[in-house]
Structures are given as C-alpha cells and as structure tokens.
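Start at 1 with the first residue, then count along the sequence.
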Amino acid sequence: MTTMAGLKIKQFREERTLSRAAFGAWYGAPGSTVQGWEEDGKRASGPVVNQIAANGIATHADWYISIRTENDMSSWAPDSWTRADARQMPTYPDAAALDAATDTLASFPPLVFAGEARNLTADLARVAEGKAFLLQGGDCAESFAEHSANTIRDTFRVILQMAVVLTFASKLPTVKLGRMAGQFAKPRSSDVEVQNGVELPAYRGDIVNDIEFTPEGRLPDPQRMVRAYSQSAATLNLLRAFAGGGYANLAQVHRWTLDYMGRSPWAKKYAETADRIGEALDFMAACGISPETVPQLAQTRFYTSHEALLLRYEQALTRQDSLTGDWYDTSAHFLWIGDRTRFEGSAHVEYLRGIGNPIGMKCGPSLEPDALLRLLDTLNPHRVPGRMTLITRYGHDKIEAGLPKLVRAVLREGHPVVWSCDPMHGNTVKAATGYKTRPFDRILAEVRGFFAVHRAEGSIAGGIHAEMTGQNVTECTGGAVDVTEQSLADRYHTHCDPRLNAGQSIELAFLLAEMLNVEMAERRRAAA
C-alpha cells in the first residue's frame, strides 16, 4: 500500500532518472525515507510536504489518498466474484445475449472517473473524523418510465435544500451523495411472485425485467442493462450541469423550494434559513467575496451511488485507472453491499473488495460483531480512512439494543469507518388499506436512537441514508403535512418501497440539524 503522493514522487524521479538519495537530498531526507514514501505509504513531515507541494510534485491531499499495490490485489480480478456464492442474481435464459450485452457495456465510456471516486474517499475521511456530515438520498428504485429532467431536478434540489439546512445549523460541510444514475436493481425476498395462482419471476428492477406481471415482462432481458447505462449517462450529464452550471449557486437558495411545499410549516422555517443565508451572502459580497470570486459558492460536488447488486453490469463497467493501476467500478462513485449479500464468501463482497471506490455495507440485527470485523478486514484491510461506510438499518425499536455492540467492536479494533443511519428499511409496515408504508415518527425515532447510541459510546454519528424523492408523493405516513393511511392511494407511485416526499425530507433535515447541534455542543464540551 502506498499513497498518491508516493506514486507521484516515484513517477517524478523515474522521468528524470533520479535516485531516491538524490531526490531526498533536495529535502534533507535519506533515500530510505523516500522509499518509505513510495512503497510503504509513509507521510513526510509538514515542512517537506509543503516543499513538495510548492514544487508541483504532489499536493497536500495526495498524502491522504491510499493506493493499493500489485501485491495487495494478486488474487483479485474483475471476474473473480464468479467463483464465489452469488445470490440475488437473475437467471438469464439466453447466455449469448447476456454476453453480447455485457460486451457492449464494456466498450462504452466510463460513467464516472477514478479521480472523482478518490475525491469522495477523501471527503468521507473527513466525515469519519467528525469534520463533515454525509447526506445520501434518492429513489428506492429508478425506473425507465419516470425518467425526466423534472424528476431529476426536483430530487437534486431537495437534496440541496437538506444540505443547506444541515450545513447552516451544524457549521459542518455536507457531503452530497445521490441514490441516482444507477439505482435500478433491487433484492427480493423470493425468486418468484404469485398473483391469482399464477407464478412468475420476481420483479428485480427495470435493469433486469419489467414491473408488469406478464410472462414476457418478467423474463430477464440483458438489453435492459444497456438501457440502464444510457439513462444513467443522461442523468449524470444533467446532475453535473446542475452542480457546476449555476443551479447550485447559493444565491439561488430561495428558488430551490418546490411550489407544492408552500403548504408545509417547514417551508416557512426553510424560508427563514434562506433569508439568513442571503443576508450573509450580501455581507460577504460587500467585502468582495461573491460566487464570481469564490467558486465554492456557485457550485457543489455531487456524487452518485447505488447498491452493487447486478454484478455482470458492475463487472462490465470496471476499468483500470491509467494513473494508479487500481481498478474502479465506473458505474458510480460509491457502491454498497445490501443486507442480503454481505455474508462471508459472498460474490458481492469478493467483487467490492477489489475496487478502489469508497464502499458501504448495510448492517442490521442479524450482523454480529465478529462477522462485521471479518468483513471489514476483507473489504478494507489497510484501514484506509473514507473507504468504508457502515449503514445501519435496525428499526426504531431495535437500534438502541442492537447497535452498541457493533460500535464498540469497531472502536476497539480501530477501524476508520463512517457510521450512517438508514431509518427507512427497518420501519416498513403494511397499512390497513393494503399499501406498504413507513411511519414518519418511526423513521425519526430510529434517527434519534442512532445519535443516542453514538453519543453514549463516544463514536461519531456521521450520516443519513434516506429513500426520498422531489415528487409530491403520498407513500410514507405522518409528518407535518400529515399523510394518513387513507390518503396513501392519492399519489402512491413507487416501483418498490415507500419514499419520503419533499416536505417530509425537509422536515427530517431540520430535525437532524437539531440533533447535530446537540452533538456538536457535546463535542465542544468534551474538548474543553
């Protein structure tokens, strides 16, 4: 294991045929020290780091980006997962058609780039240290039918609103990570679905088959992967334009509010926050600081993520970085392993252990501390900060009893992880009207329990992972704009699980901000 700085120093030397001793002499370091920088991931002293940065050889951030060497990956290949236990995978009836589709994908350009994934790892390392907060949100499952510019824009701007609320309240930067541009595949509790005595393959997301309950629709079709790639590329193109083209400009903070949110009492509170941000921007402009002079005010970093479930798709989009030689899954910046695929010997674990992207893992009541530690040793053996995010999903009535043992084990072993709370999946119930829903009060209770556990254990509550949308849906009950079981049918549009609507998402952000304020106050007291 080395660092990006070590790699750049080695390249610099070799291009100029400099020995380690000759290079080190410039900085008052022996050749053995330079070897440590290049091969062992050791970091130089502060003054030397400054000198090397001033000479344009390696930046300060490069010393914190870990790079795996060839020896680290000797037993891994993009297809090594095929020799492990692959669950939650569809059975394609035509092997030749499957190979043709994946060959097509393998010839396509990457959707994201290795450098972007490394930037996210660095951002998540700050989250793990308590110097930033992770906001991960988006659709339960993207669909082909609902793909439109308006749908993408509305979800993007709700995430922007949530991030503004969290950053303004906590004074921490918010890392924005969308469940977008690739969140198509879904795990299923059964391989089949039965309706009126008819048994067909289960719906596994638009990337695999059709939600329509017909023999033709439910047949897994590999060409759907090609269509999912094309839709993801279009989504990413628009997201990049929104993030860097002026839409994310903080001066637009008032314009991000969706029209129908005017009925929510939280809309007024958001408007008050936006007013205060506007006043701060006016003051800064008077001092000569504006979006024109400080690009961070006019644009934002926005990353994409999805569950790495359909491994033939992920393998086809795996590329070797020309700079580092590391392998990256270029379908998204961040991939995660679900609750049903994170067992030891899993094909999904085998695949994800070899890619350089930051990765996540769902952790629930069935996961014991010893198994978690073994998985962490497999997925992050060199304990790279920002590499691992643990996404807890317990249920409002189980988190305070189940989570502490995992937190204690991770703290004891010194693994640098981001702890994020998924308060959605453990709180799904069936309403009397027959609709699957998630009560908002239970979602909020799990988040409170998550913060309480980390405060009690001396750990860092680092993020939130929510299934939400910018659409005015009625899928989760409760919230200030009270969605009742009777009103679920009004606008129940999800292709899979119920999502928070925009009003409920903003409400969650304000309640999260209150918890973060308490958390930051506790940290300040502990540091005093």
Side-chain angles (χ1 to χ4, degrees), residues 135-143 145-166 174 176-180 183 186 235 239 242 253-271 273-274 396 421-431 433-447 464-513:
L135 171 61
Q136 187 173 7
D139 236 319
C140 167
E142 293 175 280
S143 73
E146 294 184 0
H147 182 242
S148 72
N150 287 347
T151 300
I152 298 164
R153 179 203 61 206
D154 290 348
T155 298
F156 177 76
R157 65 178 171 181
V158 171
I159 292 174
L160 287 183
Q161 285 183 290
M162 294 176 74
V164 161
V165 169
L166 291 168
T174 300
K176 294 169 280 294
L177 182 58
R179 290 173 55 111
M180 304 173 75
Q183 179 54 21
K186 295 301 295 182
T235 300
L239 287 171
F242 283 147
V253 67
H254 278 287
R255 300 182 184 179
W256 295 339
T257 303
L258 292 156
D259 295 337
Y260 67 81
M261 281 180 57
R263 300 191 299 274
S264 168
W266 293 97
K268 180 181 178 183
K269 190 163 184 179
Y270 176 79
T273 300
H396 74 287
C421 177
D422 169 3
M424 310 296 291
H425 285 88
N427 294 303
T428 306
V429 299
K430 192 171 185 179
T433 52
Y435 286 95
K436 190 162 59 171
T437 189
R438 290 161 172 167
F440 188 77
D441 59 345
R442 295 190 182 187
I443 291 170
L444 187 58
E446 179 156 357
V447 175
I464 189 79
H465 182 119
E467 291 184 344
M468 43 76 66
T469 176
Q471 300 173 59
N472 187 19
V473 299
T474 52
E475 297 171 1
C476 293
T477 57
V481 178
D482 193 23
V483 177
T484 65
E485 289 194 359
Q486 289 67 39
S487 63
L488 285 173
D490 292 351
R491 293 177 299 280
Y492 197 95
H493 301 316
T494 182
H495 273 223
C496 192
D497 291 330
R499 304 160 294 177
L500 298 173
N501 62 30
Q504 292 166 327
S505 299
I506 298 302
E507 183 173 355
L508 176 62
F510 274 108
L511 297 170
L512 266 172

Visitor: For Lys186 and Cys140, work out which heavy atoms get closest and say how close.
Guide: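 Heavy atoms of Lys186 and Cys140 come nearest at NZ-O, 3.3 Å.
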Visitor: Determine whether a donor-acceptor pair (N or O, by modelled atom type, separation under 3.5 Å) exists between the side chain of Asn501 and the backbone of Asn472.
Guide: no
Visitor: Just to verify, what does Glu146 make a side-chain contact (heavy atoms from CB on, under 4.5 Å) with, not counting sequence neighbours?
Guide: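 So Glu146 forms a side-chain contact (heavy atoms from CB on, under 4.5 Å) with Ser143, Gln471, His493, His495, Arg499.
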Visitor: Contact between Glu507 and Leu500 at the side-chain level, heavy atoms closer than 4.5 Å - yes or no?
Guide: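 Of all side-chain heavy-atom pairs linking Leu500 with Glu507, none is under 4.5 Å.
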Visitor: Could you report the tightest heavy-atom contact between Pro423 and Asn427, atom names first, then the distance?
Guide: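 The pair with the smallest heavy-atom distance is O-ND2, 2.8 Å.
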Visitor: Nearest 0.5 Å, what's the OH-SG distance between Tyr492 and Cys476?
Guide: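 Here the rounded value is 8.0 Å.
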Visitor: Could you tell me whether the side chain of Thr494 and the main chain of Asp497 form a donor-acceptor pair under 3.5 Å?
Guide: yes
Visitor: Compare all side-chain heavy atoms of Leu488 with those of Thr477 and state whether any distance is below 4.5 angstrom.
Guide: yes
Visitor: Could you grab the distance from atom OG1 of Thr174 to atom CD1 of Ile464, nearest 0.5 Å is fine?
Guide: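 Atom-to-atom, Thr174:OG1 and Ile464:CD1 are 12.0 Å apart.
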Visitor: I'd like to check the side-chain hydrogen bond (donor to acceptor under 3.5 Å, both in side chains) partners of His425; sequence neighbours left out, ordered by chain and number.
Guide: Asp422, Glu467
Visitor: Between the main-chain N or O of Gly426 and the side-chain N or O of Glu446, is there a donor-acceptor pair closer than 3.5 Å?
Guide: no
Visitor: Please examine the side chains of Ile506 and Met162, heavy atoms only from C-beta on, and report whether any two atoms are closer than 4.5 Å.
Guide: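 They are in contact (side-chain heavy atoms under 4.5 Å apart), so the answer is yes.
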Visitor: Report yes if some heavy atom in the side chain of Asp139 is under 4.5 Å from a heavy atom in the side chain of Met180; otherwise report no.
Guide: no
Visitor: Can you list the residues that meet the ring-ring contact (aromatic ring centres under 6.0 Å, His included) rule with Phe242, with sequence neighbours excluded?
Guide: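 Only Phe156, Tyr247 meet the ring-ring contact (aromatic ring centres under 6.0 Å, His included) criterion with Phe242.
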Visitor: Can you check whether Leu512 reaches Val447 side chain to side chain, under 4.5 Å on heavy atoms?
Guide: yes
Visitor: For His396 and Leu444: C-alpha separation, side-chain torsions, deciding distance, then whether side-chain contact (heavy atoms from CB on, under 4.5 Å) applies.
Guide: CA-CA 8 Å; His396 74 287; Leu444 187 58; over 6 Å; no
Visitor: Of the non-hydrogen atoms in Glu475 and Pro498, which two are nearest, and what is the gap between them?
Guide: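 Nearest pair, atom of Glu475 first, then Pro498: O-CB, 3.4 Å.
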Visitor: Checking side-chain contact (heavy atoms from CB on, under 4.5 Å) for the pair Gln504/Val483: CA distance, chi angles, key distance, verdict?
Guide: CA-CA 10 Å; Gln504 292 166 327; Val483 177; 4.0 Å; yes
Visitor: What's the shortest heavy-atom distance between Phe440 and Gly479, and which atoms?
Guide: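 So the minimum-distance heavy-atom pair works out to CB-N, 3.6 Å.
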Visitor: Does either side chain, that of Arg438 or that of Thr428, offer a donor lying less than 3.5 Å from an acceptor on the other one?
Guide: yes
Visitor: Report yes if the side chains of Met424 and Met468 come closer than 4.5 Å at any heavy-atom pair, otherwise no.
Guide: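 Counting from C-beta outward, Met424 and Met468 never come under 4.5 Å.
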Visitor: Side chains of Val158 and Asp154, heavy atoms from C-beta outward: is any pair under 4.5 Å?
Guide: no
Visitor: Heavy atoms only: give me the nearest Leu166-Ala509 pair and the separation to one decimal.
Guide: CD2-O, 3.7 Å
Visitor: When you measure from the side chain of Glu142 to the backbone N and O of Gln183, does any donor-acceptor pair fall under 3.5 Å?
Guide: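 Side chain of Glu142 to backbone of Gln183: a pair is present.
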